[in-house]
Student: 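Dumping the structure here so I can ask a few things about it.
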Amino acid sequence: MVVTRFAPSPTGYLHIGGLRTALYSYLWAKKNSGKFLFRIEDTDLARNSKEAVDAIIEAFKWVGLAHEGEVVYQSERFDLYKSYVQKLLDAGKAYKCYMSKEELDALREEQSARKERPHYDGRYRDFTGTPPVGVEPVIRIKAPTSGVISFVDGVKGEICFNATDILDDFIIARSDGTPTYNFVVVIDDALMGVNEVIRGDDHVSNTPKQIILYEAFGFKIPKFYHVPMILNPQGKKLSKRDGAVDVMEYKREGYLPEALLNFLIRLGWSHGDQEIFSFEQMQALFDPSHINKSASAYNQEKLVWLNTHYIKQASYERLIEELRFFDVDISLHVKKELLIDALRDRAKTLVEFANLIQQILEAPTCYDEKAVEKFLTADGLGVLEDYLVVLKGEKSLLLASEFETFTKAFLEERGLKLKDLAQAIRIAMVGSSVSPSIFDVLEIIGYEDVVKRIETLILFQRSSGES
RNA sequence: GACCCCAUCGUCUAGUGGUUAGGACACCGCCCUCUCAAGGCGGGAACGGGGGUUCAAGUCCCCCUGGGGUCGCCA
């Protein structure tokens, strides 16, 4: 059975890069009817926070990724780790090192000055003397000093390292007794049964370290998939400056989670020419062997396009529900469905959608000057006034089609075209020269308010004309 | 600096020795049209460079160049 996991360290919000590897892990487990586990890597007491944990879990909930079983917190497993550290110590595969941080820093500096790779020199590896007083030791693993460490990466293929090039006796437990990342990852993945690890590219150089730990314990080495980073549009590392990197920021900006997921799955992975993937299709089609080897640049336009796609597809109920988050509640509006249909093709995000709705539902409080200048000329205003007079005798107008028939008849009698009147009506309805089809807008607003809004505009024009 | 990884349109990518190098986003043009969108149709746009291997190379090999990652008592 395929067992994957997502193991963030709670130092902040959930990053979209993290979401992508989580998605891949989730999908690969689902595709294989396996398990997707969730673990919080909070061994660094100083840098994690409960808020960060909550934020990450909230983001997971928003996008709909569900993990199997309880969340595992590493901070609650220190005793377990200690016993495994002890095993290594007992087996002579790890040892205590009494070198101070200052000494270490000095050593590293020397090495870099000599243009060498900074690394621990193993001075306590075979130490048998009396330890210096007042120094709490760290525990270091006895790493191989020769040979080749290689593994077959599921996305990159075979990766080889010379032990001498990369390894030193790295620390597995700090002087305060707490275990370090590379150690706990191996213990937990092994104990939790994780056998397929999908994670960021930045971990390839940790992999050989972890492999020697797997071997030291005799654990089965999992299959690794290292997925390339997401770069910014300039091809550099993606950062806050490049737009949203916090997953929840996408919610606040009005993106649908399925759009974000679709965007992310397709960024660095492909299934032929297919662009649109429902959540079900993702689970059926995802295969890590099609993950691209090279890093990909974040491209907001594609996300926006996907978002518009999913807004067009969404059910009325769904949209009404989502819109509530942006303080627009149209659940009780009689024309809610027409309202949605009139606007869904025009909104790139739910934020825009909410604004467009408000623009129609609330009578304009001001009028776009340029639009007024261009369309409410003496002639234009005259036609509108004329229209209002006739409209007042048509109290039964209800549907868009009825408004249309009425309006077209009105225009035909006067030898006018729709374009001679449409913009004036639009300004009266929404205050600007941009809106959905005016007949839909008229139906949504309703006869009484339509009359009111035209009256208001005419009044406004007359009074400003006088002054 | 050492080690590792990567390299097709501006961007996301298809491509596994023989293709007019395909699709999508973005862009441009046309159509539709009451505005703005949406939609339809069409267009420009790529194999980083140099050597090999081969009848044949975007595809395989080498070098160069360029980009990225890692070198913590962080994860």
Side-chain angles (χ1 to χ4, degrees), chain A residues 7-11 41-44 46-48 74 97 99-101 104-105 108 111-112 114-120 136-140 153 155-157 159-162 164-166 168 170-182 184-185 200-208 226 228-229 231 233 235-237 263 266-276 290 292-306 308 312 343-348 356 371 375 404 407 417-427 430 432-439 441:
Chain A
S9 82
T11 52
E41 311 236 320
D42 53 356
T43 53
D44 186 1
R47 301 212 306 187
N48 340 111
Q74 292 186 326
C97 169
M99 201 173 177
S100 71
K101 285 182 191 172
L104 243 184
D105 287 344
R108 288 208 184 94
Q111 289 165 332
S112 352
R114 268 183 273 131
K115 302 214 168 179
E116 280 173 20
R117 175 178 66 94
H119 68 285
Y120 174 65
E136 282 302 317
V138 298
I139 313 293
R140 290 181 181 272
D153 190 278
V155 349
K156 293 173 189 288
I159 300 180
C160 291
F161 298 91
N162 275 320
T164 46
D165 288 338
I166 49 142
D168 61 6
F170 59 92
I171 295 172
I172 58 175
R174 306 178 181 96
S175 49
D176 66 0
T178 59
T180 58
Y181 169 75
N182 282 120
V184 294
V185 173
D201 215 347
D202 47 342
H203 283 292
V204 299
S205 52
N206 281 325
T207 308
H226 288 101
M229 307 276 87
L231 273 21
K236 302 292 177 192
K237 195 174 178 184
F263 171 70
R266 199 61 188 67
L267 190 66
W269 176 85
S270 60
H271 180 73
D273 286 338
Q274 188 169 345
E275 298 288 348
I276 303 294
H290 284 92
N292 212 99
K293 287 181 179 181
S294 51
S296 29
Y298 176 85
N299 162 232
Q300 179 99 10
E301 271 102 22
K302 193 94 172 218
L303 207 213
V304 170
W305 174 72
L306 250 4
T308 60
K312 281 179 218 161
L343 293 172
R344 72 192 324 160
D345 287 347
R346 282 155 236 265
K348 290 180 161 59
L356 291 170
F375 299 107
E404 181 166 1
T407 306
K417 294 277 202 256
L418 219 208
K419 64 173 66 159
D420 299 321
L421 177 61
Q423 291 300 63
I425 295 178
R426 213 178 312 267
I427 294 167
V430 301
S432 85
S433 58
V434 177
S435 85
S437 161
I438 50 161
F439 302 118
V441 173

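In what follows, chains carry the letters A, B, and so on, assigned in the order in which the sequence lines appear, proteins first and then strands, with residues in each chain numbered from 1. Since the model is a prediction, treat every value here as computed from it, not as a measurement.
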Student: For B:C27, what is the paired nucleotide under Watson-Crick or G-U wobble rules, both distances under 3.5 Å?
Tutor: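 For B:C27, the partner nucleotide comes out as B:G43, under the 3.5 Å rule.
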Student: Just the rounded figure in Å: distance from P of B:C5 to CG of A:Leu231.
Tutor: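 After rounding, the gap between these two atoms is 18 Å.
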Student: Are the side chain of A:Thr180 and the backbone N or O of A:Ile171 linked by a donor-acceptor pair below 3.5 Å?
Tutor: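 Checking the backbone N and O of A:Ile171 against the side chain of A:Thr180, a donor-acceptor pair under 3.5 Å is found.
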Student: Working to the nearest 0.5 Å, report the span between CG of A:Asn299 and CG of A:Leu267.
Tutor: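 Reported value, rounded in 0.5 Å steps: 8.0 Å.
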Student: Rounded to the nearest angstrom, tell me the gap between atom NZ in A:Lys293 and atom P in B:A7.
Tutor: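 Going from A:Lys293 (NZ) to B:A7 (P), I get 7 Å.
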Student: Evaluate A:Arg426 against A:Ser435 for side chain to side chain donor-acceptor pair (under 3.5 Å), listing each step before the verdict.
Tutor: CA-CA 7 Å; A:Arg426 213 178 312 267; A:Ser435 85; 3.1 Å; yes
Student: Would you indicate which nucleotide in B:A7, B:C34, B:C36 comes nearest to any side-chain atom of A:Val434?
Tutor: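 Side chain of A:Val434 sits closest to B:C36.
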Student: Is a side-chain donor or acceptor of A:Glu41 paired with a backbone partner of A:Val185 at a separation under 3.5 angstrom?
Tutor: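 Answer holds: no.
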Student: Considering Watson-Crick and G-U wobble pairs with both distances under 3.5 Å, what does B:A2 pair with?
Tutor: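 Paired with B:A2, as far as the under-3.5 Å criterion goes, is B:U70.
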Student: Give A:Ile159 one of three labels, base, sugar-phosphate or nothing, depending on what nucleic acid heavy atoms sit under 4.0 Å from its own.
Tutor: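 Sugar-phosphate only.
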Student: Paired with B:A38: which nucleotide, if any, by Watson-Crick or G-U wobble criteria at under 3.5 Å for both distances?
Tutor: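 The answer is none; no pair meets the criterion.
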Student: Polar pairs (N or O, both sides) under 3.5 Å between protein and nucleotides 69-73 of chain B?
Tutor:
{"unit_1": "B:U70", "atom_1": "O4'", "unit_2": "A:Ser205", "atom_2": "OG", "d": "3.3"}
{"unit_1": "B:U70", "atom_1": "O2'", "unit_2": "A:Ser205", "atom_2": "OG", "d": "2.9"}
{"unit_1": "B:C71", "atom_1": "O2'", "unit_2": "A:Pro118", "atom_2": "O", "d": "3.4"}
{"unit_1": "B:G72", "atom_1": "OP2", "unit_2": "A:Arg108", "atom_2": "NE", "d": "3.0"}
{"unit_1": "B:C73", "atom_1": "OP1", "unit_2": "A:Arg108", "atom_2": "NH2", "d": "3.3"}
{"unit_1": "B:C73", "atom_1": "OP2", "unit_2": "A:Arg108", "atom_2": "NH2", "d": "2.9"}
{"unit_1": "B:C73", "atom_1": "O2", "unit_2": "A:Ser175", "atom_2": "N", "d": "3.0"}
{"unit_1": "B:C73", "atom_1": "O2", "unit_2": "A:Ser175", "atom_2": "OG", "d": "2.9"}
{"unit_1": "B:C73", "atom_1": "N3", "unit_2": "A:Ser175", "atom_2": "OG", "d": "3.1"}
{"unit_1": "B:C73", "atom_1": "N4", "unit_2": "A:Met99", "atom_2": "O", "d": "3.4"}

Student: Would you check if the side chain of A:Asp201 reaches a backbone N or O of A:His226 as a donor-acceptor pair within less than 3.5 Å?
Tutor: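 Looks like no, no N/O pair under 3.5 Å.
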Student: Starting at CD1 of A:Ile438 and ending at P of B:A37, how long is that distance when rounded to a whole Å?
Tutor: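 Computing the A:Ile438:CD1 to B:A37:P distance gives 18 Å.
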Student: Consider the side chain of A:Lys236, meaning its heavy atoms from C-beta on, and name the nucleotide among B:C34, B:C4, B:G67 that approaches it most closely.
Tutor: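 So the side chain of A:Lys236 is nearest to B:G67.
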Student: With a 4.0 Å cut-off on heavy atoms, is A:Phe439 in touch with a base, just the backbone sugar-phosphate, or nothing at all?
Tutor: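 Base: the residue A:Phe439, judged by heavy atoms under 4.0 Å, touches a nucleobase.
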Student: Roughly, in whole Å, what's the span from NE2 in A:His290 to P in B:G23?
Tutor: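 Checked: the NE2 to P distance equals 19 Å.
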Student: In terms of heavy-atom contacts, does CD of A:Glu136 have more than 12 from other residues, nucleotides or ligands at under 6.0 Å?
Tutor: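 Counting other residues, nucleotides and ligands, CD of A:Glu136 stays at 12 neighbours or fewer.
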Student: Listing time: all N or O pairs from protein to nucleotides 10-12 of chain B that are below 3.5 Å?
Tutor:
{"unit_1": "B:C12", "atom_1": "OP1", "unit_2": "A:Ala297", "atom_2": "N", "d": "2.7"}
{"unit_1": "B:C12", "atom_1": "O2'", "unit_2": "A:Arg266", "atom_2": "O", "d": "2.9"}
{"unit_1": "B:C12", "atom_1": "O2", "unit_2": "A:Lys302", "atom_2": "NZ", "d": "3.4"}

Student: If you find the nucleotide of RNA chain B closest to A:Ser433 and the one closest to A:Thr43, which residue's nucleotide is nearer the 5' end?
Tutor: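 Of the two residues, A:Ser433 wins.
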Student: With a 3.5 Å limit on both atom pairs, tell me what B:A21 is paired to, counting Watson-Crick and G-U wobble, or say none.
Tutor: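 Paired with no nucleotide.
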Student: Counting Watson-Crick and G-U wobble pairs only, both distances under 3.5 Å, name the nucleotide matched with B:G58, or none.
Tutor: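 None - no nucleotide pairs with B:G58, as no candidate has both distances under 3.5 Å.
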Student: Is there side-chain contact between A:Phe439 and A:Leu418, with heavy atoms separated by less than 4.5 Å?
Tutor: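 With C-beta onward as the side chain, the pair touches.
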Student: Show the nearest heavy-atom pair for residues A:Pro179 and A:Thr43, with the distance to one decimal.
Tutor: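 What the structure gives for the nearest pair is O-CB, 3.9 Å.
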Student: Please report, rounded to the nearest Å, how far the P atom of B:A24 is from the NE2 atom of A:His271.
Tutor: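 From A:His271 NE2 to B:A24 P: 16 Å.
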Student: Please state how far atom CG in A:Asp165 lies from atom P in B:C3, giving the value in whole angstrom units.
Tutor: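 Rounding to the nearest Å, CG of A:Asp165 and P of B:C3 are 6 Å apart.
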Student: Would you confirm whether A:Asp176, through its side chain, and A:Thr178, through its main-chain N or O, come within 3.5 Å as a donor-acceptor pair?
Tutor: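 Judged by distance alone, yes, a pair lies under 3.5 Å.
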Student: Return the polar atom pairs (N/O with N/O) between nucleotides 38-40 of chain B and the protein under 3.5 Å, or none.
Tutor:
{"unit_1": "B:A38", "atom_1": "O3'", "unit_2": "A:Lys312", "atom_2": "NZ", "d": "2.9"}
{"unit_1": "B:A38", "atom_1": "O2'", "unit_2": "A:Asp345", "atom_2": "OD2", "d": "3.4"}
{"unit_1": "B:G39", "atom_1": "OP1", "unit_2": "A:Lys312", "atom_2": "NZ", "d": "3.0"}

Student: When you look at A:Tyr181 and A:Ser9, which way does the side-chain contact (heavy atoms from CB on, under 4.5 Å) test go after all the steps?
Tutor: CA-CA 10 Å; A:Tyr181 169 75; A:Ser9 82; over 6 Å; no
Student: Could you walk me through whether A:Met229 and A:Asp202 pass side-chain contact (heavy atoms from CB on, under 4.5 Å), step by step?
Tutor: CA-CA 8 Å; A:Met229 307 276 87; A:Asp202 47 342; 3.6 Å; yes
Student: Is it true that a side-chain atom of A:Arg266 and a backbone atom of A:Ile276 form a donor plus acceptor pair closer than 3.5 Å?
Tutor: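 Flag not set: sc A:Arg266 to bb A:Ile276 has no pair under 3.5 Å.
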